[in-house]
Amino acid sequence: MKIPLVDLKAQYDSIRNEIDDAIRSVIENTQFILGPEVATFESEMAAYCQTKFAIGVASGTDALQLALLSCGIRPGDEVITTPFTFIATTEAITQCGATPVLVDIDPKTYNIDPQKLRELLERRFSHQSPVTSHQSPLTAILPVHLYGQPADMDTILELGKKYNLKVIEDCAQALGAAYSSHQPPITNYQSPVTTHRKVGSLGDAGCLSFFPSKVLGAYGDGGMVVTNSREIAENAAMLRNHGCKQKYHHLVPGFNSRLDELQAAILRVKLRHLDDWIELRRQKASAYSQLFDQVDGVQPPYVAPDSHHIFNYYTIRLDSSNHQSPITRLSRDKLREHLNAKGIATAIYYPLSLHLQQVYKSLGYKPGDFPESEEAQQEVLSLPMYPEMSEEQVVKVVDGIKGFCTHVD
Ligand SMILES: *Cc1c(COP(=O)(O)O)cnc(C)c1O
């Protein structure tokens, strides 16, 4: 019995009739670009994310770039994020002509370290009163909710407000995740839920990805910008469609970045199952974590008390600080091979911190600049995780890891 990282075929089998009908109906209807499926999906997603607006775009990467542009990020600006994320996060920043400013992660959550973020901002603005901070090239914070767990949004929102920075959330791995915030919403829109608020509704804008392996995956590429700001929504809608509001009347230089009608129809079917699938993911995660409780050297994911983690990825950490443990940081890759030989797929998100990537040489970072990210890149391992996974499969993965632990010197 092979255990894949995700099983998209099993998911399709469970919704085959609904999906086939949805696809057929778009083809019969022949309205393939910005038709009724996209419009309806956008309003369903806005409701789901507790935002006023949702704009379907061609990918999660485009969602990030269009959200940044829609928030007014311009060439020469600086945008804060972490080095421990997928390259799309920083790519979107550089594609706007802006520069990523990196802050290390919290080693427990893998999200931006709120204390280090505060220190960076205090350093940067120490000679300036916050009131004049709009003259600084620092214009936005781009927190990533990595693996499906919200970043420390209360601190981020507080600092964003204090230093006049936009907050754009990378929710590519965290659709459906929620956070109990004590900060008021950025716009005066009152969220219907007061305690647990969905990611994407907390900052100025949120960016979603419908890449096939994400919790809500299309059968191709897709993405979305969600926001409570009418201005940001109008900008994003204009930018995705050649910079026009009215056909052939172009107001700004834009893009061809639309979510297509077929993908929207597929995603609308899947959205109806999303909360059930998230609940199943959370059940697998809790089964995994209970079983890992007795396994020396394996740290199950830490879940912050104020966050509702949706486990797009279930990522363990091989504890290198525990020298009694047979698993050391050097053997993470051996454990991977061991599991692979047993037919168990795993993944490393991410094996090389962005500050060490060749493409970012010109940013001038060096090894040692972000020690927590560099340690995490050697110790994390993401295990099979999908709603259709059986408890038996979870047990088999854990047994595979236990077997490795007891047979290594
Ligand atoms: C997947 C992902 C993206 C990009 O999404 P695409 O739809 O593949 O363009 C951006 N950020 C993070 C953290 C992601 O995981």
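First listed ligand is number 1; within each ligand, the first listed atom is number 1.
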### Message
Any nitrogen or oxygen of Gly60 lying under 3.5 Å from a nitrogen or oxygen in ligand 1? Just yes or no.
### Response
yes

### Task
Show which atoms of ligand 1 fall inside a sub-4.0 Å distance from at least one heavy-atom site of Thr89.
11 (N)

### Query
Is any NZ, NE, NH1 or NH2 atom of the basic residue among Lys396 and Asp399 found under 4.0 Å from an Asp or Glu carboxylate oxygen of the other?
no

## Note on the structure
The protein heavy atom nearest to atom 15 (O) of ligand 1 is Gln173 NE2, 2.8 Å

### Under-4.0 Å salt bridge between Asp21 and Arg24
yes

### Task
Have a look at Gly217, Ala88, Ser59, Ala58 and point out the one with the heavy atom closest to atom 10 (C) of ligand 1.
Ala88

### Query
Which class fits the ring pair Phe311 and His309: parallel under 30°, tilted 30 to 60°, perpendicular over 60°?
parallel

### Distance-only polar pair, side chains of Tyr147 and Thr109, donor-acceptor under 3.5 Å
no

#### Entry: Thr85 contact mode with ligand 1 (heavy-atom cut-off under 4.0 Å)
side chain

### Task
Return yes if a side-chain donor-acceptor contact under 3.5 Å exists between Thr90 and Tyr360, otherwise no.
yes

#### Entry: Pair Glu169 + Arg197: basic N to acidic O under 4.0 Å
no

### Which residue and heavy atom of the protein sit nearest atom 8 (O) of ligand 1, plus the separation
Phe211 CD1, 3.7 Å

### Task
Dump the intermediate steps for side-chain hydrogen bond (donor to acceptor under 3.5 Å, both in side chains) on Gln11 and His273, then the final yes or no.
CA-CA 10 Å; Gln11 190 190 60; His273 301 275; over 6 Å; no

### Query
Please state which protein non-hydrogen atom is closest to atom 1 (C) of ligand 1 and give its distance, to 0.1 Å?
Lys214 NZ, 1.5 Å

### Query
Which atoms from ligand 1 have a heavy atom of Thr61 less than 4.0 Å away?
4 (C), 5 (O), 6 (P), 9 (O)

### Task
Return the residue, atom name and 0.1 Å-rounded distance of the protein heavy atom closest to atom 11 (N) of ligand 1.
Asp170 OD2, 2.8 Å

### Query
Atoms of ligand 1 less than 4.0 Å from Ser209 heavy atoms?
1 (C), 5 (O), 6 (P), 7 (O)

